[in-house]
2 protein chains.
Amino acid sequence: MPDDLHSSSADATQQRLLQAAGEVFAEKGFHAATVREICARAGVHNIAAINYYFRDKENLYAETLRFAARSPLYENLASEWPTSAATAEKLRWFIGLLVEKIVLASRERPLWHMQLMMRELTQPSPIGERIAQEFIRPVYETLWTILREALPRDVSEKKLHLISFSIVGQCMYHRIARHVIRLIVGEQEQNTYDAKTLTEHITEFSCRALGLDRKKSGSKSQVGTRGGKR
Amino acid sequence: MPDDLHSSSADATQQRLLQAAGEVFAEKGFHAATVREICARAGVHNIAAINYYFRDKENLYAETLRFAARSPLYENLASEWPTSAATAEKLRWFIGLLVEKIVLASRERPLWHMQLMMRELTQPSPIGERIAQEFIRPVYETLWTILREALPRDVSEKKLHLISFSIVGQCMYHRIARHVIRLIVGEQEQNTYDAKTLTEHITEFSCRALGLDRKKSGSKSQVGTRGGKR
DNA sequence: AAATGTTTTAGACGCATGTTTCAATCGCCC
DNA sequence: GGGCGATTGAAACATGCGTCTAAAACATTT
């Protein structure tokens with residue numbers, strides 16, 4: 001028999017605890033989550049392990065949040081920037097990133113990462129406030145850069161803020177209010193809201209609102225509301 | 001001395017408990033809220049009052065949610081419908097209603113009503129799931145009616161859903177992510193986001209996206225992104 | 001094989017929670 | 001004024017929580 005058969009071999013219990021804690025915290029929140037349930041889901045038979053590996057429950061929570069913050073979103077924001085593309089295409093790239101990395105559960109990463117982060121963003125706790133702030137800032141700064149380039153110079157900073165909230169709000173709503181959306185359209189249709197569909201819709205909606213053409217970086221638009229089938 | 005001077009005269013302790021419970025539940029959530037803090041904030045010196053007037057903590061929570069659901073939003077949705085106005089004006093009326101009654105704290109009603117409702121909508125609990133569902137349904141049905149009239153007939157139902165989520169998402173984001181917004185623009189600027197400002201921006205943004213004119217119920221639009229100061 | 005540092009186990013601890021109990025008090029009607 | 005239901009008061013209850021302690025089991029090195 002292979003020597004890595006017994007349960008606690010390669011996958012250190014510390015990492016299993018972090019994984020399980022992330023899931024439970026994301027589902028139930030800090031207070032409703034119990035260390036006993038976390039240990040049970042991690043397959044750890046004793047609850048003292050949390051105090052052994054992590055100091056206490058609060059530190060465990062902060063650690064899971066730190067882990068979730070190390071998302072691939074960061075690297076994408078920094079590296080894969082399409083510098084040469086038209087402004088409308090940059091906006092599509094940004095919206096696609098938000099939808100793919102935050103809104104929808106990606107196959108590469110477990111879904112509790114962004115669930116937990118959203119929880120901290122909508123209801124910040126003293127424990128993870130800082131972490132969540134440092135997570136969300138670069139997102140808006142990236143969007144600002146794109147919008148500054150896309151819009152006329154005389155657009156006020158306040159208007160720019162409102163526009164960015166309109167765009168980010170559209171994206172985030174599909175994660176934050178996913179229970180409401182499921183209620184309205186049913187689980188079946190919600191499953192058809194994949195990354196491509198949402199990105200296409202929100203980009204189209206926003207570009208028309210801003211008068212951005214999809215081909216060049218001009219500021220005039222061509223309208224005509226034909227949604228059609230998809 | 002007047003006979004209604006003592007603290008527990010006209011304002012029944014039951015109502016003070018409901019009010020206090022609503023505030024605490026809205027701020028901290030069901031689990032983090034304690035009956036002792038609720039009683040303290042209500043000025044009730046003994047904690048058994050909660051089990052006396054309301055059966056238990058869960059029922060108290062459901063009762064506060066029921067109270068919050070009886071919002072003036074309902075009456076407005078049913079009665080003050082501007083039937084004769086242009087479709088763009090109907091959309092502005094709807095957005096204005098959402099912003100005023102849900103997003104911003106109105107003077108007429110305490111702010112915990114919608115705080116609590118948003119909490120239940122974003123993270124539904126078995127206790128209040130039904131109440132929250134019955135609250136949000138009419139909102140979307142009203143928006144559907146407006147959009148159906150405003151958009152061409154060949155717009156698919158799925159597209160209509162996506163559009164409605166784009167509009168509602170823009171509005172709700174200012175309540176759900178108000179901590180993020182405060183972080184981004186600062187508390188000072190956030191205070192300038194009054195009902196009029198938000199309604200105007202979201203209406204303009206959405207009407208342009210849909211190609212709706214602001215005067216007639218036509219489907220052509222006139223663009224030119226001039227934000228300017230407000 | 002012995003020693004040493006690391007991890008796991010079992011159990012108990014103190015504390016805060018929601019709930020219950022029962023007596024005391026108040027308001028009101030006959 | 002006495003009787004009586006409704007309300008309030010104070011204390012105690014059981015339970016579940018996060019944390020701690022100390023010994024056992026394990027792994028690794030000497």
Side-chain angles (χ1 to χ4, degrees), chain A residues 1-65 116 125-128, chain B residues 1-65 116 125-128:
Chain A
M1 57 182 70
D3 57 346
D4 58 353
L5 217 166
H6 20 69
S7 60
S8 62
S9 61
D11 52 344
T13 60
Q14 186 171 4
Q15 289 195 7
R16 283 187 300 157
L17 277 175
L18 195 77
Q19 164 81 15
E23 296 176 9
V24 179
F25 281 140
E27 288 177 15
K28 312 197 168 183
F30 177 77
H31 278 96
T34 70
V35 294
R36 283 168 173 83
E37 181 181 356
I38 292 174
C39 288
R41 194 178 298 202
V44 174
H45 294 272
N46 91 332
I47 56 175
I50 282 185
N51 303 101
Y52 178 74
Y53 284 108
F54 313 89
R55 196 177 52 252
D56 52 13
K57 188 188 176 187
E58 289 198 359
N59 189 45
L60 172 62
Y61 180 77
E63 216 62 57
T64 58
L65 207 63
L116 193 65
S125 70
I127 307 173
Chain B
M1 57 182 73
D3 57 346
D4 58 352
L5 217 168
H6 21 70
S7 60
S8 62
S9 62
D11 51 344
T13 60
Q14 187 171 4
Q15 289 194 8
R16 284 187 300 155
L17 277 175
L18 196 78
Q19 164 82 14
E23 296 176 8
V24 179
F25 281 141
E27 288 177 15
K28 311 197 167 183
F30 177 77
H31 279 96
T34 69
V35 294
R36 284 169 173 84
E37 181 181 355
I38 292 174
C39 288
R41 195 176 298 202
V44 174
H45 294 275
N46 100 349
I47 56 175
I50 283 185
N51 302 100
Y52 178 74
Y53 285 107
F54 312 89
R55 196 175 54 253
D56 51 12
K57 189 188 175 186
E58 289 198 359
N59 189 43
L60 172 61
Y61 179 78
E63 217 61 58
T64 57
L65 206 63
L116 193 65
S125 71
I127 307 173

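Here the structure is a predicted model, which means the values were calculated and not measured.
Toward the 5' end of DNA chain D, the nearer of the two residues A:A48 and A:A32, judged by each one's closest nucleotide, is A:A32.
Between A:F30 and A:F25, the ring planes lie parallel to each other; the angle is under 30°, not in the 30° to 60° tilted range.
Counting to the nearest Å, the C1' atom of C:dC15 and the CG atom of A:D56 are 16 Å from each other. What separates NE2 of B:H31 from P of D:dG18 is a distance of 11 Å, to the nearest Å. One can place CD1 of B:I47 at 10 Å from C1' of D:dA11, the figure rounded to the nearest angstrom. For the pair A:N59 CG and D:dG18 P, the computed distance is 15 Å after rounding to whole Å. Here D:dG18 presents its C1' atom at 14 Å from CZ of A:R55, a figure rounded to the nearest Å. Taking atom CD1 of residue A:I50 and atom P of nucleotide D:dT19, one finds them 8 Å apart after rounding to whole Å. Rounding to whole angstrom units, CG of residue B:L17 and P of C:dG18 are separated by 13 Å. In this structure, B:I38 places its CD1 atom 11 Å from C1' of C:dG18, rounding to the nearest Å.
For A:T34, the listed nucleotide lying nearest its side chain is D:dC17; candidates were D:dA10, D:dT19, D:dC17. Residue A:Y52 has its side chain nearest to C:dT7 when only C:dT19, D:dT8, C:dT7 are considered. Closest to the side chain of B:R36, out of C:dT19, D:dT19, D:dG9, is C:dT19. With distances taken from any side-chain atom of B:H45 to the nucleotides C:dT7, C:dT19, D:dG9, the minimum falls on D:dG9.
Note on B:N51: a side-chain N or O is less than 4.0 Å away from OP1 or OP2 of C:dT19.
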Check the pair B:L60, B:L18 against side-chain contact (heavy atoms from CB on, under 4.5 Å), reporting the backbone distance first and the verdict last. CA-CA 7 Å; B:L60 172 61; B:L18 196 78; 4.3 Å; yes
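Between B:E37 and B:K28 the shortest side-chain heavy-atom distance falls below 4.5 Å.
Minimum interatomic distance between B:K57 and B:A33 (heavy atoms only, all atoms of both residues): NZ-O, 2.8 Å.
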